[in-house]
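First the proteins, then the strands, lettered A, B, ... as listed; each starts at 1.
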Amino acid sequence: MQHFLSVHDTDNLSSLVAEARQLKSAGVPKIGQDKTLGLIFFNPSLRTRLSTQVAAQKLGMSVVVMNVDKDGWKLETAEGVVMDGDTAEHIKDAAAVMGQYCDVLGVRAFPTLKNRAEDYSDRILHSFVRYAGRPIVSLESAIRHPLQSLADLITIEEHKTVARPKVVLTWAPHPRALPQAVPNSFVEWMKEADVDLVVTHPQGYELSEDFTKGVTIEHDQNRAFAGADFIYAKNWSSYQDYGQILSRDPSWTVTAEKMALTNQAKFMHCLPVRRNVIVTDAVLDSPQSLILPEAENRTWSATVVLKRLLESL
Amino acid sequence: MQHFLSVHDTDNLSSLVAEARQLKSAGVPKIGQDKTLGLIFFNPSLRTRLSTQVAAQKLGMSVVVMNVDKDGWKLETAEGVVMDGDTAEHIKDAAAVMGQYCDVLGVRAFPTLKNRAEDYSDRILHSFVRYAGRPIVSLESAIRHPLQSLADLITIEEHKTVARPKVVLTWAPHPRALPQAVPNSFVEWMKEADVDLVVTHPQGYELSEDFTKGVTIEHDQNRAFAGADFIYAKNWSSYQDYGQILSRDPSWTVTAEKMALTNQAKFMHCLPVRRNVIVTDAVLDSPQSLILPEAENRTWSATVVLKRLLESL
Amino acid sequence: MQHFLSVHDTDNLSSLVAEARQLKSAGVPKIGQDKTLGLIFFNPSLRTRLSTQVAAQKLGMSVVVMNVDKDGWKLETAEGVVMDGDTAEHIKDAAAVMGQYCDVLGVRAFPTLKNRAEDYSDRILHSFVRYAGRPIVSLESAIRHPLQSLADLITIEEHKTVARPKVVLTWAPHPRALPQAVPNSFVEWMKEADVDLVVTHPQGYELSEDFTKGVTIEHDQNRAFAGADFIYAKNWSSYQDYGQILSRDPSWTVTAEKMALTNQAKFMHCLPVRRNVIVTDAVLDSPQSLILPEAENRTWSATVVLKRLLESL
């Protein structure tokens, strides 16, 4: 594995999941000793920040953390610009320098939700790939969150009760405009996995066809839930009417009543979750909820990915 | 030791102090290797941040640090609420997740000084105890600062010249409203220790009876100082007129003249200290001042506590 | 080496550079195990933050990082003051405490650019030297940046093609008022090294004579560039008209045309660099640019300095 940016960076999904589960049960070899992981945050992070540090330390790596805007300064991403404004350093220089100090770099960079073409170019992430000269791990980019999706897949593998479960990704309401990174990535990974994927959301919340091409879309949430083995809830803002909130319809909140329509489905969410907005307390605090095992698997998705990158150094 | 939240988490105070002093003189065993300490700060910290990290590293532990509001987002603490406001994650979920990533968690969460019942419920700390599933160390909560009090007690043991010293906790002026955590905790620990405790403060600054029941209160500072072996100065805001500053009376500042009333007492303060407001330079910079040995003992209180928690894992 | 504050803390510059290069090629001994480096930032940092952490970890040291204003509170630097304002702790107390927790301390503290006498007293740095009781490494003070200068000298040694190269420090325009620390330090180091130093800048940008006494100053940039082997560009604000921007003249920007006046000179800058303001993309992205090797050498200047300080403990 050269980088970890999307599902396309792994050639064999089931072997990656199997290795993650094996590391989880059998322990982690300290193959990262004398290697440094740099974690670069352009945006806030809790689970990713902690789970990736813990994963690196399990592998014996040293970790350095950089909160770019708070600990450093604003980076320029445009090419050829006269930098007489508020950006103090070009990302190509910052990325190249950080690549010299670290053996592997993780980068978190959210979208603006203002300019779709700009966001979907995933420029910050790709600048690191291009200029850092090191393996890059996406810690959630403008359009994907692959460490989350891999943790989701590990969780589904651990908890499925049928060979090919029905997995439903459902939009749910939220007071703020959120990125499409988690649902994009989830769709991308589930398409490659041995599951039946259905995506349900209100009209206008269609994700980019680059991700959903060939996927079953169902605008009736109740019909989508019928027979489901896993319900994966997430809010996102509109892709077409880019970055806008088109609905806050509380009838899309996941409730115990809706969970009763499923095949005793497990409930999943990547966290942080707005309780009683995305999903009710009754569902989150029920035995059907997998939010904690799913969060714990963030450590194991990070561990297996870092291990693969270290092996390719 | 299951948690370290107050003096009540230790069954034998003198053996805890003795072990801290023994670790200090004889070295620290690396019993924390392959264990992770998570330090979670809801508020600023200098001594606690550094001394706890150093203590953990002496024990061989890895440390991850999370500044909740700055590196992450606002946490909800109320139960059953519809989270459509400015809190992005419920503390029960955040605590449970952080508990999965770390073997021991330290938590710092100050009071609001606005709602006494709310503050004295110590809700953030107890949410971690309830939901994290891991040993919790208080790094100063809304109402207690036990790592400080243990360091204070170690310092008194090291510097006392009589078997049962007279220890005076004196209120002193300060321009801002401060929590009662340090004095509450100090009283709680000194009551269990082999000392004669006297608390002196202006009228209206009575601490909660939950802490001071049975303790000698003396409103005349000079009379309190007479014959004292240790003067422990600290400002706090009013408990009765909750969170208010009732006095900035400079006659309560600790001066060389007042120290002359004592039995050549040592001077203590937990730091940070406002020089020439709480206490004059002349006292702080005199040989009687123990502020530096006291701060150094923060490492040793953290070391012995983490060691005890690791031994109980 | 007792401290690392300026070139005067090293008795033999060429042996220091030689050892840095030797560590770079032959590997770093883990002589810092069970030692802690505290990094104290009063100001933002990217290269210094990461390269110093990486250097310490190569030596086997543990690192704790403190962003003073963000993670802690404001420190008082004046002596004898009544601290009833916005500073919560005196630097003498904070420095002494941090010195107790760490074996070596690194300190970054920029100038205000408002009060020259105050800035040039370098009070924060010297307070740490005076009160911490530990070796202090300057991570860039109000008036010097010696880790940068040492990295610059290592880079010049690695890339020079004549025994005694001509090295030109040139002022270049910038939209904001910047400190004189980097040029002051560069001049101080180059004067001790085996190079011919020329400094060029517009009228009014003379550096303090404490640094430039005896150095060739040339106000015609083109004439200065003639025959140069190294061009070192940097902006600084005026020393005489203290902290002011006297010129934004774009004719001082380093361009390919100006580089053509040199003896195929290498281009250097300490980064972050404002592209197309300080220097054009054409120069920065040419094979003549040494900005990346120079930044990489920050790790090696920090490594050799920390090693020397550890050896003196």
Side-chain angles (χ1 to χ4, degrees), chain B residues 27-28 30 39 41 43-63 65-67 69-71 108 173-176 178 235 248 250 253 269-282 284-285 289 291-300 302, chain C residues 32-42 44 53 56-57 60-107 127-128 130-134:
Chain B
V28 181
K30 291 218 178 294
L39 296 181
F41 291 99
N43 305 95
S45 172
L46 187 153
R47 260 156 296 278
T48 299
R49 182 184 296 272
L50 295 182
S51 64
T52 314
Q53 282 187 66
V54 167
Q57 290 166 351
K58 278 183 198 296
L59 288 156
M61 301 181 84
S62 297
V63 182
V65 178
M66 180 79 204
N67 298 303
D69 288 1
K70 286 176 209 154
D71 299 344
R108 165 163 286 201
H174 193 283
R176 301 222 179 136
L178 296 189
N235 173 268
R248 289 192 176 86
T253 299
H269 189 281
C270 61
L271 306 185
V273 65
R274 299 258 180 166
R275 284 176 168 257
N276 305 309
V277 180
I278 294 279
V279 51
T280 61
D281 283 342
L284 280 173
D285 298 331
S289 172
I291 59 169
L292 293 180
E294 185 183 357
E296 197 207 341
N297 279 332
R298 292 294 308 278
T299 303
W300 301 107
Chain C
Q33 262 158 347
D34 297 318
K35 302 291 181 198
T36 300
L37 173 67
L39 296 181
I40 300 158
F41 292 99
F42 288 81
Q53 281 187 66
Q57 290 166 351
M61 301 181 85
S62 296
V63 182
V64 291
V65 178
M66 181 79 203
N67 298 303
V68 175
D69 287 1
K70 286 176 208 156
D71 300 344
W73 37 74
K74 240 181 142 185
L75 297 184
E76 180 61 52
T77 59
E79 286 291 324
V81 75
V82 176
M83 288 173 56
D84 56 1
D86 66 342
T87 55
E89 183 158 20
H90 201 284
I91 194 165
K92 71 165 80 169
D93 299 321
V97 168
M98 293 193 253
Q100 291 187 120
Y101 297 155
C102 302
D103 299 285
V104 178
L105 290 177
V107 178
S127 295
F128 275 89
R130 182 163 173 198
Y131 295 111
R134 297 289 183 178

Item to check | Derivation and outcome, side-chain contact (heavy atoms from CB on, under 4.5 Å), residues B:Val273 and C:Glu89 | outcome: CA-CA 6 Å; B:Val273 65; C:Glu89 183 158 20; over 6 Å; no
Checklist entry - Contact part of B:Ile278 toward chain C, heavy-atom cut-off under 4.5 Å: side chain, backbone, both or neither? => result neither
Item to check | Interchain contact, B:Glu296 with chain C, by part (heavy-atom threshold 4.5 Å) | outcome: both
Checklist entry - Under 4.5 Å, heavy atom to heavy atom, which residues of residues 74-82 of chain C contact chain B? => result C:Gly80, C:Val81, C:Val82
Checklist entry - With only heavy atoms counted, which part of C:Asp86 is less than 4.5 Å from chain B, the side chain, the backbone, both or neither? => result both
Next on the checklist: So, using salt bridge (Lys or Arg N to Asp or Glu O under 4.0 Å) as the criterion, who are the partners of B:Arg275 when residues are at least two apart?
Outcome noted: B:Asp281, B:Asp285, C:Asp93
Checklist outcome for this item: Assert top hit (heavy-atom pairs under 4.5 Å, partner chain C, pool B:His174, B:Arg47, B:Arg274) equals B:Arg274
Item to check | Spacing of CE belonging to C:Met66 relative to CG belonging to B:Leu50, to within rounding of 0.5 Å | outcome: 6.0 Å
Item to check | Residues which pass salt bridge (Lys or Arg N to Asp or Glu O under 4.0 Å) with B:Glu294, listed by chain and number, not counting sequence neighbours | outcome: none
Checklist entry - Taking all non-hydrogen atoms of both residues, which atom of B:Leu292 and which atom of C:Gln100 are closest, and how far apart? => result O-NE2, 2.9 Å
Next on the checklist: I'd like to verify something: which residue of B:Arg248, B:Gln53, B:Arg176, B:Lys58 has the highest number of heavy-atom pairs under 4.5 Å with chain C?
Outcome noted: B:Gln53
Item to check | Residue among B:Ser51, B:Ala55, B:Pro272, B:Pro44 with most heavy-atom pairs under 4.5 Å to chain C | outcome: B:Pro272
Item to check | side-chain contact (heavy atoms from CB on, under 4.5 Å) evaluation trace for B:Gln57 with C:Thr36 | outcome: CA-CA 9 Å; B:Gln57 290 166 351; C:Thr36 300; 4.3 Å; yes
Checklist outcome for this item: Taken in chain and number order and not counting sequence neighbours, the residues that satisfy salt bridge (Lys or Arg N to Asp or Glu O under 4.0 Å) with B:Arg49 are C:Asp71
